[in-house]
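Here the structure is laid out as structure tokens; the discussion comes afterwards.
Residue indices begin at 1 and follow the sequence shown. Just so you know, ligand 1 is whichever comes first in the structure, and atom 1 is the first atom listed for that ligand.
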Amino acid sequence: MSTIFVTGGAGFIGSNFIRYWLESHPDDFVINYDLLTYAGNLANLEDVAQQHSERYLFVRGDISNYQLARHLFDRFHPDWVVNFAAESHNSRAVVNPEIFFQTNVLGTQRLLQAARDAGLPRFHHISTCEVYGDLALDSDERFYETSPYRPRTPYNASKAAADMAVRAYHETFGLPVTISNCANNYGPYQFPEKLIPYFTIRLMQGQKMPLYKSSLNRREWIHVLDHCQAIELILLKGQIGETYNVGTGLELDVETVADLLLEAFGLDASYKSYVEDRPGHDRRYLLDATKIRTQLGWQPQIDFQSGFKETVAWYWQRPDWWQPLLKKLAVDESAWK
Ligand SMILES: NC(=O)c1ccc[n+]([C@@H]2O[C@H](COP(=O)([O-])OP(=O)(O)OC[C@H]3O[C@@H](n4cnc5c(N)ncnc54)[C@H](O)[C@@H]3O)[C@@H](O)[C@H]2O)c1
């Protein structure tokens, strides 16, 4: 039996990962350590808490709380720490950057220190493609694990700084770390401030989708379960000290995603409106994922067409899940000056 300590496990990717791990590793024990910010939602794991009650423990806590993390590390001595916990929404970071640096940088550093002091065997850090900066829309370039970090927004900069801290704990103190930098995730249980659930729910409520004027900006899309599988492979087979890009190569611009939603709902273009861009809005990211594909044998299993259809159907069937979250939507995307 192994023990895995997941931070931010009540969020979108973390909760999908916990469900995935408990189902694929029937002997393992999972600790979900989450502060339950606006984005943390224990309803994401209601089924898990019932079905796997003997192998799943939730602890409410802050990754910045060294004492509590250290106490739990000493008590459970987890085989892996997987650090998902973060402030994750670019738009909120424009309005309130400080909490992003507090949690994503200092929080990660304190968690690293607790892992180091407890002598843990592995710390895996979840990062993003956004640390590399952005690409021109017509560029042939892509980001490699060796590409320079050129973050452009407070969220990206805080994630980049966290990656640097993780590397420093490896190089300086010998902490056994790995890092993964992933593309844009979609799937069930994503907080409705993010593009696909936000637009889907707006349409379900008979409202227009507010697209930024730069709606031709592209993102690389990955189903959250393909991301979970990539993390699993890195935990089981990844090399200590290494970074792995996780991307599918499938790029779609925001306009196309909006049009796919209109098609799914049988609606016309009058359900699109155009609003001022978010400051610092990145144009495009594209990862080269050759390393994880060739060295660890990862490959995405879920094609966008079916994954997207299932995701939209999930939000359609689960207003009980998203209705209570709407009051937590803080940033008016049409309000940038
Ligand atoms: N969503 C994506 O497309 C994407 C892509 C690449 C990387 N990532 C990264 O993956 C991770 C998870 O992203 P997500 O989309 O699931 O985010 P999310 O916002 O849905 O979830 C974040 C979780 O972290 C928790 N949290 C926040 N601050 C905390 C703190 N100080 N201590 C403990 N818990 C805290 C929240 O309560 C929440 O449960 C993040 O590190 C993010 O940067 C996300």
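- Residues Asn217 and Asp134 bring no donor and acceptor atom of their side chains to less than 3.5 Å of each other.
- Sorted by first and then second residue, the salt bridge (charged side-chain N to carboxylate O under 4.0 Å, His left out) pairs with a member in residues 70-90 read Arg70-Asp74; sequence neighbours excluded.
- Under the rule for a salt bridge (Lys or Arg N to Asp or Glu O under 4.0 Å), Arg122 has no partner lying at least two apart in sequence or in another chain.
- In this structure, Asp303 has no salt bridge (Lys or Arg N to Asp or Glu O under 4.0 Å) partners at least two apart in sequence or on a different chain.
- Within 4.0 Å of ligand 1, protein heavy atoms belong to Gly8, Ala10, Gly11, Phe12, Ile13, Asp34, Leu35, Leu36, Thr37, Ala39, Gly40, Gly61, Asp62, Ile63, Phe84, Ala85, Ala86, Ser88, Thr103, Ile126, Ser127, Thr128, Tyr155, Lys159, Cys182, Ala183, Asn184, Asn185, listed by chain and number.
- In this structure, a donor-acceptor pair under 3.5 Å is present between the side chains of Glu232 and His25.
- Side-chain N/O atoms of Thr256 and Asp259 include no donor and acceptor closer than 3.5 Å.
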